[in-house]
**Student:** 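Quick one: structure below, then a few questions.
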Amino acid sequence: MTERTGEQAAVNNRTMRLVKMGAMVALSVALVYLIHFPIFPAVAFLEYDPADIPILIGTFAFGPLAGLVLTVVTSVVQGLTVSASSGLYGILMHVIATGVLVVVSGTIYSRKKTKKAAVFGLVCGMAAMAVVMMGANMVITPMFMGVPASAVWSLMPFIVGFNVIKAGINGAVTFVLYKRIANFLRR
């Protein structure tokens, strides 16, 4: 194979990877448009959506850095379209929550690509997301929503529960689906 042919193959591989990542973003946006509902009626603004599933699948296929890129792009697209009412606050909170989930899960899985590592990574990602979002909500929510930190703190059991449930469902679905579509993504 000539040097030029090798360079062309590398360009083609990068292009295909970007196309597949773009498909993951599109699927994520479509899922949040189609499926979203409150987990706790008392705090109906905390809505479950499966948008993190394609992002997690992309993270496991392409690595934690790619997962972070998918998170940022998806968050911006969602925040400007299907979740426009949440504005910059929604974009920022989605980047933080999903970013922590994919970086932790993806880093653990990328070191040893086994089922055990996937489960361990997803559980660690879920726990990290819940802990980080406690802090993010205590700092960011009062600034954007104009509410006292004490009001946010009073909702903390719901916030933690929401993050654990959302990450748990999305992690479980990712675990079930990933191996079925991993070969397609890696081609």
Side-chain angles (χ1 to χ4, degrees), residues 1 6 9-32 34-37 39 46-78 91-137 159-187:
M1 176 162 32
V11 168
N12 289 346
N13 286 340
R14 284 192 302 269
T15 302
M16 283 307 297
R17 183 177 168 159
L18 283 174
V19 168
K20 291 171 185 174
M21 288 175 67
M24 294 287 107
V25 170
L27 183 57
S28 183
V29 173
L31 284 171
V32 80
L34 296 170
I35 304 168
H36 55 96
F37 54 87
I39 293 175
L46 294 174
E47 290 190 327
Y48 167 79
D49 66 73
D52 291 350
I53 295 168
I55 296 170
L56 280 165
I57 289 171
T59 300
F60 280 9
F62 305 121
L65 182 59
L68 195 54
V69 170
L70 286 169
T71 298
V72 171
V73 172
T74 300
S75 298
V76 171
V77 172
Q78 284 178 1
I91 294 169
L92 182 60
M93 294 301 264
H94 190 206
V95 167
I96 295 169
T98 303
V100 168
L101 176 64
V102 301
V103 167
V104 172
S105 299
T107 300
I108 292 170
Y109 181 73
S110 70
R111 292 188 178 147
K112 190 172 185 181
K113 296 186 177 190
T114 64
K115 285 183 180 181
K116 242 184 194 175
V119 170
F120 184 66
L122 289 165
V123 169
C124 289
M126 175 185 69
M129 177 177 155
V131 169
V132 168
M133 290 313 292
M134 286 177 68
N137 272 285
I159 292 169
V160 171
F162 166 78
N163 283 299
V164 168
I165 291 168
K166 180 179 179 183
I169 292 170
N170 290 342
V173 173
T174 298
F175 181 79
V176 169
L177 294 179
Y178 176 66
K179 285 297 181 185
R180 293 183 169 110
I181 59 177
N183 291 333
F184 166 75
L185 290 174
R186 289 193 186 129
R187 269 191 252 159

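The first residue of the sequence shown is numbered 1, and numbering continues consecutively from there.
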**Student:** Would Met126 and Asn170 count as a side-chain contact (heavy atoms from CB on, under 4.5 Å) here? Give the steps.
**Tutor:** CA-CA 10 Å; Met126 175 185 69; Asn170 290 342; over 6 Å; no
**Student:** side-chain hydrogen bond (donor to acceptor under 3.5 Å, both in side chains): which pairs involve residues 102-112, sequence neighbours left out?
**Tutor:** Tyr109-Lys179
**Student:** Once salt bridge (charged side-chain N to carboxylate O under 4.0 Å, His left out) is applied, what residue pairs with a partner in residues 48-76 remain, sequence neighbours excluded?
**Tutor:** Asp49-Lys166
**Student:** Applying side-chain hydrogen bond (donor to acceptor under 3.5 Å, both in side chains), which residue pairs with at least one partner in residues 55-66 are found, sequence neighbours left out?
**Tutor:** none
**Student:** Rounded to the nearest 0.5 Å, what's the gap from CE on Met93 to CG on Asn163? Could you check?
**Tutor:** 8.0 Å
**Student:** Between Lys113 and Phe60, does a side-chain contact (heavy atoms from CB on, under 4.5 Å) hold up when you go through it step by step?
**Tutor:** CA-CA 9 Å; Lys113 296 186 177 190; Phe60 280 9; over 6 Å; no
**Student:** What pairs meet the side-chain hydrogen bond (donor to acceptor under 3.5 Å, both in side chains) rule with one or both residues in residues 118-130, with sequence neighbours excluded?
**Tutor:** none
**Student:** With sequence neighbours excluded, tell me which residues meet side-chain contact (heavy atoms from CB on, under 4.5 Å) with Val104.
**Tutor:** Val100, Ile108, Cys124, Ala128
**Student:** For residues 125-134, pull every pair meeting side-chain hydrogen bond (donor to acceptor under 3.5 Å, both in side chains), keeping only residues two or more places apart or in separate chains.
**Tutor:** none
**Student:** Working to the nearest 0.5 Å, report the span between CD1 of Ile55 and CG of Leu68.
**Tutor:** 10.0 Å
**Student:** Supply the atom-to-atom distance Ile57 CD1 to Phe62 CZ, rounded to the nearest 0.5 angstrom.
**Tutor:** 11.0 Å
**Student:** Going from CE on Met24 to CG on Leu70, what distance comes out if it is rounded to the nearest 0.5 angstrom?
**Tutor:** 8.5 Å
**Student:** Could you go step by step and tell me if Tyr48 and Ile165 meet the side-chain contact (heavy atoms from CB on, under 4.5 Å) rule?
**Tutor:** CA-CA 8 Å; Tyr48 167 79; Ile165 291 168; 5.7 Å; no
**Student:** Between Ala130 and Val164, what is the shortest heavy-atom contact and its length?
**Tutor:** CB-CG2, 3.8 Å
**Student:** Rounded to the nearest 0.5 Å, what separation is found between the CE atom of Met129 and the CD1 atom of Ile96?
**Tutor:** 11.5 Å
**Student:** Given side chains that start at C-beta, do those of Met134 and Ile159 come closer than 4.5 Å, heavy atoms only?
**Tutor:** no
**Student:** For His94, which of Val76, Val72, Thr74 qualifies under side chain to side chain contact (heavy atoms under 4.5 Å, CB included)?
**Tutor:** Thr74
**Student:** Which heavy atom of Ala51 sits nearest a heavy atom of Gln78, and at what distance?
**Tutor:** CB-NE2, 3.3 Å
**Student:** Starting at CG of Leu46, measure out to CZ of Phe37 and round the result to the nearest 0.5 Å.
**Tutor:** 13.0 Å
